[in-house]
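A, B, ... follow the sequence lines: proteins, then strands. Residue 1 opens every chain. Source: prediction; values computed, not measured. Every heavy atom of this structure was used, including side-chain atoms; hydrogens, water molecules and symmetry mates were not.
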There are 4 protein chains.
Amino acid sequence: MSTARARVGRPRSEAARAAILHAVDDLLVEQGYAAMTLKGIAERAGVSRQTIYRWWSTKAEILFEASWTDAEEELNIETSATPLAEITAYLEALIRFLAHSPAGAAYRALVGEAQQDAEIAKLLASRDVLGESAQRVIKRALGDEISITLEEASAILVGPIFFPVLVGRELTGLDEARWAKRFLTQMQRDQPPAG
Amino acid sequence: MSTARARVGRPRSEAARAAILHAVDDLLVEQGYAAMTLKGIAERAGVSRQTIYRWWSTKAEILFEASWTDAEEELNIETSATPLAEITAYLEALIRFLAHSPAGAAYRALVGEAQQDAEIAKLLASRDVLGESAQRVIKRALGDEISITLEEASAILVGPIFFPVLVGRELTGLDEARWAKRFLTQMQRDQPPAG
Amino acid sequence: MSTARARVGRPRSEAARAAILHAVDDLLVEQGYAAMTLKGIAERAGVSRQTIYRWWSTKAEILFEASWTDAEEELNIETSATPLAEITAYLEALIRFLAHSPAGAAYRALVGEAQQDAEIAKLLASRDVLGESAQRVIKRALGDEISITLEEASAILVGPIFFPVLVGRELTGLDEARWAKRFLTQMQRDQPPAG
Amino acid sequence: MSTARARVGRPRSEAARAAILHAVDDLLVEQGYAAMTLKGIAERAGVSRQTIYRWWSTKAEILFEASWTDAEEELNIETSATPLAEITAYLEALIRFLAHSPAGAAYRALVGEAQQDAEIAKLLASRDVLGESAQRVIKRALGDEISITLEEASAILVGPIFFPVLVGRELTGLDEARWAKRFLTQMQRDQPPAG
DNA sequence: GGCTAATCGAGACGGTACGTCACGTCTTACT
DNA sequence: AGTAAGACGTGACGTACCGTCTCGATTAGCC
């Protein structure tokens, strides 16, 4: 039925959609999230403001759609031979993403907004690229040799990077391999509460 | 001359300053950071908007000043008998602060704003309540028995809590004592790169 | 050739046309002219906006077509035995139309728009229901016993009603028979400029 | 108390007020009422849109304030020696105002809007320049020698001019002196219903 | 019975004005 | 000089219609 409905009337302009998302991408890099305005996006995309409102209800929503794919890609690392190599590669990707990539800036901006806007918080929680990618990697690297939940494990892996970046601390001179080794050691020795 | 000049005219009203900070505190609890407006603060404080602008340049700055003391207090735990008790108490305080306290909400909002505003980022980095309190506790609990920098250690302690909270994940059923034990074990076994 | 061309293709839907005019009639009564919107008409009539634009170029044009017949009818009184009865009946009809009937509201709205829109002014002047009906009645009641133009006479008959209604004055307690008598007296005594 | 209140804070900018009213005057002549937009007025006056909204709630309200004084002036004729001269002069002024003056165009536009907007209707009825000026003149010219209400008399005087103008009829070749004489004759002969 | 062509519904599109909101600055009188 | 009050210019917000534009689906006359 929804497919039938979708065929009625003038179809949505794919060109407009793409132009908007590209404009958001560009403006994010050029001006940052805060300075980004719906009017600005519309003008940059050569699109009417109304068209944007028709499909998204928030600046954050557009940003999410515009940056999600990039984020997903940047955090999706290739399979490595050893768990150590795998985790190390992920940590490198994570730092590159969070601290240096435009998609990461978008992600941080969204996390920022989420602190004040429940709607955005929900959006972010529903498809948390960061947490999910970490869990994926951990599962791939360690399989069943893990005695805590994936959620906990991902927090332990991601948190120590996430926190200093968000708080504005410099991460220079960080040795990803050492962090990866520490993470693995901890995962193997960790025992469930009953142990 | 400038000192002489500074003493001329009506002195700054300390009452106004206090009223403003209290108003911010109250409004933060009642409406949250996003809904807080300078006009609202002024009206609540019974103060003119101009007076606010004279002493602070940003909403974030006022918020920082208004919530810093509370934050400091909430994160400053009493001395305990054992390192385990100490770290456990700190983790409890940390979660209470970050996830449930108004001052924590203010802190999260500031972290959020900092992602988009360099000025706020600088402000936040200059007196990072969270990181500093963690370092203080770690130093007190472990003294010299630590082979990594305090910065790293604090990231490892705080990050795994900070990340899920900021991302909107639920923290229900978290066992602080277990986390504290894991942290201590890790700190004691951790070896410097050369090890 | 153009006639041949015009006969090809799907013919105009008479049902749509009627639905539109009825929708305008209804909406005029329910919401008034100002609140009437092309989108609203289309939805009420179960017709696409484009279909309306295909056949009318202005909201006023539709309104004119939709209300003209009603107006004509309401202002077309039956023949009476005496001129006094005739004029009295007309005045009654005129007041009923202008001040109380939906068609009259439409007419007033059109007069209003005409003050600002030359196109509507032309439309209104081309088939002025009010003036024409008045002239018809005067001619029927007085025939040749009139020394001024019908236009002047109709202005004298209609104007003193038209003015207060348009200006929003109440007309309560108006004695139509007296006004009719006065009009007739005046018409009979009135002398051409040379008199 | 209200006087005391008015002295607090920055006083209303008389320059802005005048600029707005002048802009409305100008735009009315240049573009007409319909094409006049609040945005346009603001830009023309070199004033912010907000400032307009602060003091007026409707385009019509501004227009009313902007044109009322002019209208009052144009319809306020000097005293003449005879009633005939007086009425004749008034009719001349009335035609000049309604059919040719910018203030008259404003008045007609307001009458037009009033047909669709109760708020404007109220505004117009509350200070009806046209009706009041007519009543003033009639009273001055005839004093007590009048057997009907001033309202009725003014409708009889004004209506026959008002109607054709509003309906878009040409008034060329109208002999004001003849109309004035007719009006006076009628006023003197008119008898109350009981007579 | 297929072809051509105009109409119809639905609904997306670029525009543009609307009225509101908060901002940061200014101009008063008062203290 | 500092303060409360409050008006000012600025500029984004989200909404509402406007008139135009695609779509697929009808519905007629014509070959």
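- A cation-pi geometry, defined here as NZ or CZ lying under 6.0 Å from the six-membered ring centre and within 45° of its normal, holds between C:Arg12 and C:Trp55.
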Would B:Arg127 and B:Glu65 satisfy salt bridge (Lys or Arg N to Asp or Glu O under 4.0 Å), going step by step from the backbone distance to the final call?
-> CA-CA 11 Å; B:Arg127 300 172 81 190; B:Glu65 184 165 342; over 6 Å; no
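- Under the 3.5 Å distance criterion, the side-chain polar atoms of C:Thr58 are left unmatched by any main-chain donor or acceptor of C:Ala60.
- Listed for the C:Thr51 side chain is no donor-acceptor partner under 3.5 Å among the backbone atoms of C:Val47.
- Of the possible donor and acceptor atoms, one in the side chain of D:Lys59 sits under 3.5 Å from a partner among the backbone N and O of D:Met36.
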Go along nucleotides 13-19 of chain E 5' to 3' and tag each nucleotide: B for a protein heavy atom under 4.0 Å from its base, S when only backbone or sugar atoms are that close, - otherwise.
-> BBB-BSB
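- For B:Ile52 and E:dT25, the CD1 to P distance is 13 Å, given to the nearest whole Å.
- The OH atom of C:Tyr33 sits 14 Å away from the C1' atom of F:dC17 (whole-angstrom rounding).
- The CD-C1' distance, from C:Glu43 to F:dC17, rounds to 12 Å in whole Å.
- Remark: P of E:dG9 and CZ of C:Arg44 are 16 Å apart, rounded to the nearest angstrom.
- A donor and an acceptor atom, one from each side chain of A:Gln115 and B:Tyr33, are nowhere located under 3.5 Å apart.
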